[in-house]
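Some notes on the structure that comes next.
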Amino acid sequence: MESSSSGSVSDEVGLYLHVPFCRSRCTYCDFVSFTDFSWVEEYFRALWKEIELWSRFLPKVRVGTIYIGGGSPSDVPFELLEKTLERIRRMFLIADDFEFTIEVNPNCEFVERLESLSVNRVSIGLQAADDEVLKRVKRRHSVDDFFRTYEIAKSFAKVNVDFIVGLPTESDRTIENDVRIVEMLKPDHVSIYLLETHEIELKTSVDQVVEDHYGRFVEAVKAMGYHRYEISNFALNGSFCRHNLKYWRNQDYVGLGVAAGGHLGRIRYVNSSRLDEYITKLKNEDFAFDHFSKNDDLQELKETIFMGLRLSEGVSVERLRRLWRTFDPEELFSDLLGEFLEIKGESLRMTERGFDLSARVLADVIDRISLMAVGR
Ligand code: SF4
């Protein structure tokens with residue numbers, strides 16, 4: 001299913017809800033999250049108001065996926081999550097086969113209760129199977145905590161495990177432990193992220209070690225039978241994250257909460273990342289947009305290609321041509337095709353080499369599209 005190129009909202013959307021609270025901050029974090037829990041109750045009241053406002057705007061669409069992320073959703077009282085889901089169910093039509101994901105930290109105290117909310121996908125942020133690294137970056141859990149949470153989550157849901165490569169004090173042993181955990185537990189889904197500071201230019205000796213760690217981890221996971229369906233995401237037996245696929249396929253989703261963003265038809269918005277502003281606006285029954293715009297054809301083309309190339313399935317050339325009639329990938333990317341990009345059947349996609357150098361390839365692709373538009 002695609003958003004139509006004419007810009008109408010499709011009949012099924014995803015809902016993302018941001019819970020911007022963490023009991024403490026990890027050293028590497030650049031997500032929008034706060035440690036002042038005196039705001040929590042008021043924040044959730046604002047979030048419920050935002051759910052209501054959107055349900056009025058989208059009375060007929062079905063919700064196919066729900067994703068609660070953060071922050072740390074597992075740090076807030078369970079009852080607030082329960083009430084949030086109650087409201088979503090009351091105010092939206094929910095697809096029978098909906099996917100409901102929640103992110104939890106390995107020290108989650110209520111993981112067994114998530115089944116009662118119909119959560120069917122649990123994403124656990126282990127980050128590194130090495131207590132020394134976890135301590136160094138101020139994670140508030142141990143590898144043993146992870147095992148306990150994993151076993152409970154696995155009994156009722158599909159499970160994703162998040163890893164980050166490139167954390168301080170990470171060693172060869174850390175990566176060996178990461179690989180061993182995946183081998184032993186065979187989670188349905190694994191995400192392997194490279195710490196952002198290492199992403200742009202891999203040229204110092206530290207970064208070469210990190211690059212080597214990343215490459216070894218990815219190869220090991222692939223050798224276990226995982227399908228690398230997105231640059232950083234790996235699934236066993238087709239257990240893709242349907243919610244995140246909506247982002248990468250540039251489909252329709254509603255983002256709720258502080259700093260959350262959405263894409264509906266041609267509309268693109270991002271909410272305020274200030275807690276006080278978000279709460280005040282919603283108290284007054286207003287949306288709390290920080291950015292709200294309607295994509296023109298060029299912007300929609302750029303977003304569709306930028307997100308779609310992250311996927312191994314790539315992006316439909318026909319869809320791109322519906323957005324830009326003269327789009328010709330063979331001419332535009334002639335020197336990238338073969339090594340970094342390929343056209344397979346109907347799709348333009350990255351090669352494995354392109355995946356490995358994705359930041360640079362994607363930047364180049366977007367530059368060329370901008371130049372194409374100037375020269376039309
Ligand atoms: S748990 Fe996640 S969101 Fe919270 S501080 Fe750590 S990295 Fe940031």
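Atoms within a ligand are numbered from 1 in the order they appear, just like the ligands themselves.
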So which protein heavy atom does atom 6 (Fe) of ligand 1 come closest to, and at what separation? C26 SG, 2.3 Å
Among side-chain atoms of K138 and T27, is any donor-acceptor pair under 3.5 angstrom? no
Are any N, O or S atoms from C29 nearer to atom 8 (Fe) of ligand 1 than 2.8 Å? yes
Quick check: does C22 have an N/O/S atom under 2.8 Å of atom 4 (Fe) of ligand 1? yes
With a cut-off of under 6.0 Å to the ring centre and 45° to the axis, is R368 in cation-pi contact with F333? no
Can you list the ligand 1 atoms lying under 4.0 Å from a non-hydrogen atom of S24? 5 (S)
Name the orientation class of the two ring planes belonging to F240 and H227 (parallel below 30°, tilted from 30 to 60°, perpendicular beyond 60°). perpendicular
Please verify the inter-ring angle class for H263 with Y253; under 30° counts as parallel, over 60° as perpendicular, anything in between as tilted. tilted
Would the F163 and F217 ring centres measure less than 6.0 Å apart? yes
Atoms of ligand 1, numbered as shown, that sit under 4.0 Å from any heavy atom of G71: 3 (S)
For the residue pair H189 and Y229, is the inter-centroid distance of their aromatic rings smaller than 6.0 Å? yes
Which ligand 1 atoms does S72 reach within 4.0 Å, using its non-hydrogen atoms? 1 (S), 4 (Fe)
Can you find a non-hydrogen atom of R139 under 4.0 Å from ligand 1? yes
